[in-house]
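Keep in mind that the numbers below use all heavy atoms, side chains included, and drop hydrogens, waters and symmetry copies. In the text below, chain A, chain B and the rest are named by the order of the sequence lines, each starting its count at 1.
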There are 2 protein chains.
Amino acid sequence: MAEVQLQTQTRADEAFDCLQTAIVKGDLAPGEKIGEVELCSRFNLTRGPLREALGRLESRGLLVRRPHAGVKVVSVSADELIELYRIREVMEGLAARQAAERMTDEEIQDLLATLDSHEAMIEEAQGQAYYQAEGDYDFHHRIATGSRNTKLAQMLLGDLYYMVRMYRYRLSTSAGRPHMALGEHRSIVEAIAQRDGELAEFLMKRHINAARQNIEKKIQEGVLTI
Amino acid sequence: MAEVQLQTQTRADEAFDCLQTAIVKGDLAPGEKIGEVELCSRFNLTRGPLREALGRLESRGLLVRRPHAGVKVVSVSADELIELYRIREVMEGLAARQAAERMTDEEIQDLLATLDSHEAMIEEAQGQAYYQAEGDYDFHHRIATGSRNTKLAQMLLGDLYYMVRMYRYRLSTSAGRPHMALGEHRSIVEAIAQRDGELAEFLMKRHINAARQNIEKKIQEGVLTI
DNA sequence: GTAAGGCATATTGTTGACAATCCACGAGTT
DNA sequence: AACTCGTGGATTGTCAACAATATGCCTTAC
């Protein structure tokens with residue numbers, strides 16, 4: 001392991017990050033029961049910091065822990081994934097509205113620039129949905145922080161996105177969707193640029209609603225089994 | 001049998017509960033820097049479980065922890081308290097809508113019954129705002145769980161309510177508000193009973209909006225200093 | 001007199017060993 | 001043959017000692 005680690009980062013934080021990414025990337029399959037000692041040897045940690053990290057992960061709902069029985073990765077059902085999108089709809093709607101009221105002109109310009117780069121990425125990497133997903137994540141990330149609502153950003157970035165991303169990695173976005181999503185992103189930013197919070201909220205809600213319907217359709221088609 | 005306590009409760013859970021209530025009740029003042037050893041002696045714990053609990057509290061945003069520098073209770077500014085209510089508005093709006101779609105008839109009847117008991121409490125205990133606050137908490141708690149949206153309930157009950165309650169304890173609700181709030185509660189339940197999700201969402205949002213404006217007014221009057 | 005730097009102390013972060021608890025397997029009984 | 005009960009093993013929960021780091025005070029130089 002290359003020790004690039006910052007000294008201000010404690011071992012427990014390190015463990016937390018490792019585990020979180022491992023869960024999100026799918027290296028630790030949902031429902032899988034994992035022993036503490038195995039995790040220790042896998043990430044070169046001792047049980048103290050590991051347990052601390054496990055506690056945090058549990059508190060965030062990525063793990064379930066039964067006393068003396070062990071830890072297992074949470075397995076989210078299809079219904080629960082849909083519910084997640086319903087929550088995103090209202091929370092990101094609020095984020096968009098507040099972002100329209102509070103983002104600086106600079107931030108908005110920057111956001112527009114990133115949209116251009118996302119478009120370029122989609123154009124050249126035809127079908128490489130991964131980058132599109134990263135771009136999408138980047139977009140929503142900026143809106144969340146742009147809202148200047150600390151707790152809102154914390155809940156979105158710390159709780160919801162990680163759970164959603166758990167499925168992003170196994171779930172390729174459908175063919176025409178990236179282009180459409182980009183268009184929707186543009187409209188939202190436009191509304192923000194015009195400082196029209198109400199419109200930004202409406203458009204964001206519709207955007208996430210569309211994404212949810214897209215996933216629902218896939219599940220019904222049986223393309224996506226969770 | 002002296003062991004009324006469930007054995008499935010681990011020391012870390014115990015520590016977590018103790019600390020959480022201590023923070024919420026104000027026994028640990030916001031901004032106060034607290035040493036680990038002091039907490040250990042105070043709650044009869046060892047540092048292992050304590051640290052695990054601290055990690056969870058930090059992850060939930062009730063504590064801030066700087067490496068090697070110690071732990072201190074988070075201090076929420078007036079603005080941030082307002083922001084909390086903005087989040088509640090959209091999230092509980094969603095909860096109300098989903099509750100209208102999914103609560104059982106039994107649950108709704110039960111909810112109505114609790115509203116009656118709340119009314120009785122307000123009538124007899126004139127000015128005892130504490131019970132009203134508890135009743136209010138109870139009401140919102142039921143709506144959240146009634147939504148059948150696991151993650152939504154988790155975020156509301158696990159994250160937001162505890163932060164809001166931090167201030168409930170020092171902040172007596174204003175004179176006429178309990179009665180008004182109760183009336184709003186009734187309208188919401190009525191909408192739920194009629195399975196009108198859209199209306200329930202609207203009414204709940206307006207209800208929380210009113211509560212927020214009430215607090216904003218108090219802050220501007222200087223009655224409430226945070 | 002003030003500011004910068006180094007040292008001591010106290011506090012946090014980490015480690016490894018010990019104790020308590022659950023799960024699985026096997027034996028005995030119906 | 002199937003079910004229940006008991007025991008062994010493994011895993012988790014807990015503890016106390018060790019190491020690393022930041023804060024505060026004192027000294028010293030300008």
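B:R212 contributes no side-chain N or O that, together with a main-chain N or O of B:Y85, makes up a donor-acceptor pair within less than 3.5 Å. Checked by atom type and distance alone, the side chain of B:T21 pairs as donor or acceptor with a backbone atom of B:D17 at under 3.5 Å. Of the possible polar contacts, one joining the B:S77 side chain to the B:E80 backbone as a donor-acceptor pair under 3.5 Å is found. A:E52 places no side-chain N or O within donor-acceptor distance of the main-chain N or O of A:P49, the cut-off being under 3.5 Å.
Considering only heavy atoms from C-beta on, B:V64 stays 4.5 Å or farther from B:V71 through its side chain.
Electrostatic pairing of B:R148 and B:E107 counts as a salt bridge here, judged by a charged N lying under 4.0 Å from a carboxylate O. Remark: B:R65 does not engage A:D13 in a salt bridge, criterion side-chain N to carboxylate O under 4.0 Å.
Contact between the side-chain N/O atoms of A:R47 and the OP1/OP2 oxygens of C:dG16 is not found at any separation under 4.0 Å. Remark: A:T10 is not in phosphate contact with C:dT12, judged by side-chain N or O atoms under 4.0 Å from OP1 or OP2.
Of the candidates D:dT14, C:dT14, C:dC22, C:dC22 carries the atom nearest the A:H68 side chain, counting heavy atoms from C-beta on.
Residue B:R51 contributes atom CZ, which lies 11 Å from atom P of C:dT15 at whole-angstrom precision. Atom CG of A:L54 and atom P of D:dT14 are 14 Å apart (whole Å). Rounded to a whole Å, the CZ atom of A:R56 is 12 Å from the C1' atom of C:dG13.
Between A:P49 and A:R66, the one whose closest nucleotide on DNA chain C sits nearer the 5' end is A:P49. Heavy-atom nearest nucleotides on DNA chain C were determined for B:V71 and for A:T46, and the one closer to the 5' end corresponds to B:V71.
Across residues 57-65 of chain B, not one residue has a non-hydrogen atom less than 4.0 Å from an atom of DNA chain D. Within a heavy-atom distance below 4.0 Å of DNA chain C, the residues of residues 33-41 of chain B found are B:I34, B:G35, B:E36.
Taking B:Y161 as the reference, B:Y137 meet the ring pair (Phe, Tyr, Trp, His ring centres under 6.0 Å) condition, with sequence neighbours excluded. Residues that satisfy the side chain to side chain contact (heavy atoms under 4.5 Å, CB included) test with A:A69, not counting sequence neighbours, are A:R66. For the ring pair (Phe, Tyr, Trp, His ring centres under 6.0 Å) test, residues two or more places apart in sequence or in another chain that qualify with A:F139 are A:H185.
End-to-end axis angle for the helix from C:dG1-D:dC30 to C:dT30-D:dA1, using five pairs per end and rounding to 10°, comes out at 10°.
Between the side chains of A:E201 and A:Q98, no donor-acceptor pair is found at a separation under 3.5 Å.
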